[in-house]
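Below is one structure; the comments refer to it alone.
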There are 2 protein chains.
Amino acid sequence: MRIRNMSNEWRWTRQRRKVLETLGSRRDHPTAEDVYRDLRAQGEQVSLATVYRTLRSLEQEELARTLHGAGADRFDACIDPHYHLSCDKCGRTVDVPVAYHRPLDEAARQSGFEIRGHSLIFFGRCPRCTDEEA
Amino acid sequence: MRIRNMSNEWRWTRQRRKVLETLGSRRDHPTAEDVYRDLRAQGEQVSLATVYRTLRSLEQEELARTLHGAGADRFDACIDPHYHLSCDKCGRTVDVPVAYHRPLDEAARQSGFEIRGHSLIFFGRCPRCTDEEA
DNA sequence: CTTAATGCAAAGGTTTTGCACCCTA
DNA sequence: TAGGGTGCAAAACCTTTGCATTAAG
């Protein structure tokens, strides 16, 4: 896990640790509700409000990022630039082994915007939903 | 404007025409609320519910598409694959002159997902917000 | 005429917030 | 003990929906 913002003192409360732990342990990218349900299922005492607050603060510390799509936001504990793949049908979102394409950012700078990077999401059907289709 | 779904019979009511017209006339990508306010400002009689319903139906007909990001969804009357640029600060979203990169879709197909395409949004600061920063 | 589209208001889903209480350093 | 963190419930946002009414073809 990458350490940043050492100047910021965060209290590593049980809830905060557990939220990050849960997010990091999943290979997909859960919604806040998913994280909340996982934690409750493990018997952790936590509220949905705290999950949201924690996720947003992890985002500020660059320990997590938000993925926007149809429906609820999803969260990713890996902030290194990479792409995602999202199923139109079930919403399941996972990493995809396609390298981040930096030249695109260069090209976009010609627009006059101050570009920080880009987010790319492939859409289509996951194998599970493709099968169910048949 | 591209004509499709000729089999579908849509009633080109005044509201429907005006929503598409407004969406097409803007170079940025407005939210439903933006479209609604534009229309009301022009003295058009329309409700926000109708704007949403119309935008969603235009999307189904492939006369418009939805852009997901932080905050409210934004809409685009051009469905040809292309990229967007969105300001972190004010949310303003515009087209960017960077060509759609088809090889990425090919690469992503190795994941086993059935890929339909990808959506790419550059993020950063628009010139206006960069100036205000100073 | 017939049927879909509309407006309104209410409901639904997601996310944030105010506040009293609690915990940790 | 001081300060932020937490839970709860309410509010805020964004979007959809049910239903009576209107209007397009």
Side-chain angles (χ1 to χ4, degrees), chain A residues 5-23 29-61 63-76 86 90-91 93, chain B residues 5-23 29-40 42-61 63-76 86 88 90-91 93:
Chain A
N5 292 14
M6 299 199 44
S7 56
N8 256 321
E9 300 222 353
W10 294 98
R11 295 196 181 176
W12 284 93
T13 60
R14 177 171 193 86
Q15 287 87 342
R16 188 177 184 77
R17 266 184 284 115
K18 288 296 183 180
V19 166
L20 184 51
E21 206 174 293
T22 299
L23 194 59
H29 302 304
T31 62
E33 179 81 34
D34 290 336
V35 171
Y36 172 71
R37 286 218 312 280
D38 267 21
L39 289 174
R40 301 297 292 205
Q42 292 168 197
E44 291 297 330
Q45 161 60 30
V46 71
S47 70
L48 183 55
T50 293
V51 171
Y52 270 108
R53 270 189 292 236
T54 303
L55 289 169
R56 297 301 178 201
S57 101
L58 290 171
E59 190 176 13
Q60 296 238 347
E61 294 171 76
L63 289 172
R65 58 179 283 210
T66 303
L67 311 177
H68 301 294
D73 286 348
R74 289 169 177 275
F75 298 87
D76 186 346
S86 173
C90 68
T93 302
Chain B
N5 293 14
M6 299 199 44
S7 57
N8 256 322
E9 300 222 351
W10 294 98
R11 294 196 180 176
W12 285 93
T13 59
R14 176 170 194 86
Q15 287 86 344
R16 187 177 185 78
R17 266 183 285 116
K18 288 296 183 181
V19 167
L20 184 52
E21 206 174 294
T22 297
L23 194 60
H29 302 305
T31 62
E33 180 81 34
D34 290 336
V35 171
Y36 172 71
R37 286 218 312 279
D38 268 21
L39 290 174
R40 300 296 293 206
Q42 293 171 34
E44 289 299 331
Q45 160 61 31
V46 70
S47 69
L48 183 54
T50 293
V51 171
Y52 271 108
R53 270 188 293 236
T54 303
L55 289 170
R56 297 302 179 200
S57 101
L58 289 172
E59 190 175 12
Q60 295 238 348
E61 293 171 75
L63 289 173
R65 57 178 284 210
T66 303
L67 310 177
H68 301 295
D73 286 349
R74 290 170 176 276
F75 298 87
D76 186 346
S86 172
D88 289 333
C90 69
T93 301

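Worth knowing before you read on, the calculation uses all heavy atoms, side chains too, and leaves out hydrogens, waters and symmetry mates. A note on names: the letters A, B, ... follow the listed sequences, proteins ahead of strands, and every chain is numbered from 1.
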If you assign each of B:Ala72 and B:Arg14 to its closest nucleotide in DNA chain D, which residue comes earlier from the 5' end? B:Ala72
Side-chain heavy atoms of A:Arg14 within contact of A:Gln45, under 4.5 Å: no
On DNA chain C, check which nucleotide each of A:Gly71 and B:Gln15 is closest to and give me the residue with the more 5' one. B:Gln15
The residue among A:Thr13, A:Asp38, A:Thr54 that forms side chain to side chain contact (heavy atoms under 4.5 Å, CB included) with A:Val19 is A:Thr54
Whole Å only: how far is the CG atom of A:Asp73 from the P atom of D:dT15? 12 Å
For A:Arg74 and A:Ser86, which I'm curious about, is there any donor-acceptor pair between the side chains at under 3.5 Å? no
Would you kindly give the CG-to-C1' distance between B:Leu55 and C:dT6, to the nearest whole Å? 15 Å
May I ask you to verify if any side-chain N or O of B:Gln45 is less than 4.0 angstrom from the OP1 or OP2 atom of C:dT6? no
Of the listed nucleotides (D:dG7, C:dT16, C:dG7), which one gets closest to any side-chain atom of A:Arg56? C:dT16
Checking C:dT15, C:dA5, D:dG7 against the side chain of B:Trp10 (C-beta onward), the nearest is C:dA5
B:Asp73/B:Arg56 ion pair, N-O < 4.0 Å: yes
From CZ (A:Arg37) to CZ (A:Arg40), nearest 0.5 Å: 12.5 Å
Expressed in angstrom and rounded to an integer, what is the separation of B:Glu33 atom CD from D:dT15 atom P? 10 Å
Checking B:Gln15 against B:Thr50: is there a side-chain donor and acceptor pair closer than 3.5 Å? no
Interatomic distance, A:Arg37 CZ vs C:dG13 P [rounded to whole Å]: 13 Å
Figure out the CG/P separation between B:Leu58 and C:dA5, and round it to whole Å. 12 Å
When you look for runs of 3 or more Watson-Crick or G-U pairs in a row, both distances below 3.5 Å, which of them include DNA chain D? C:1-25 with D:1-25
Rounded to the nearest angstrom, tell me the gap between atom CG in A:Leu48 and atom C1' in D:dA10. 14 Å
Phosphate contact (C:dA5 OP1 or OP2) by B:Thr50 side-chain N/O below 4.0 Å: no
How close or far is atom C1' of C:dG13 from atom NE2 of B:His68, stated in whole angstroms? 15 Å
Minimum side-chain heavy-atom gap A:His29-A:Asp34 below 4.5 Å: no
Which protein N or O atoms sit under 3.5 Å from an N or O of nucleotides 17-25 of chain C?
unit_1: C:dG18; atom_1: O6; unit_2: A:Arg53; atom_2: NH1; d: 3.4

B:Thr22 side chain near B:Gln42 side chain, heavy-atom distance below 4.5 Å: yes
On a heavy-atom basis, the closest approach of A:Phe75 and A:Ala32 is CE1-N, 3.9 Å
Taking CZ from B:Arg16 and C1' from C:dT3, how many angstroms apart are they, rounded to a whole number? 15 Å
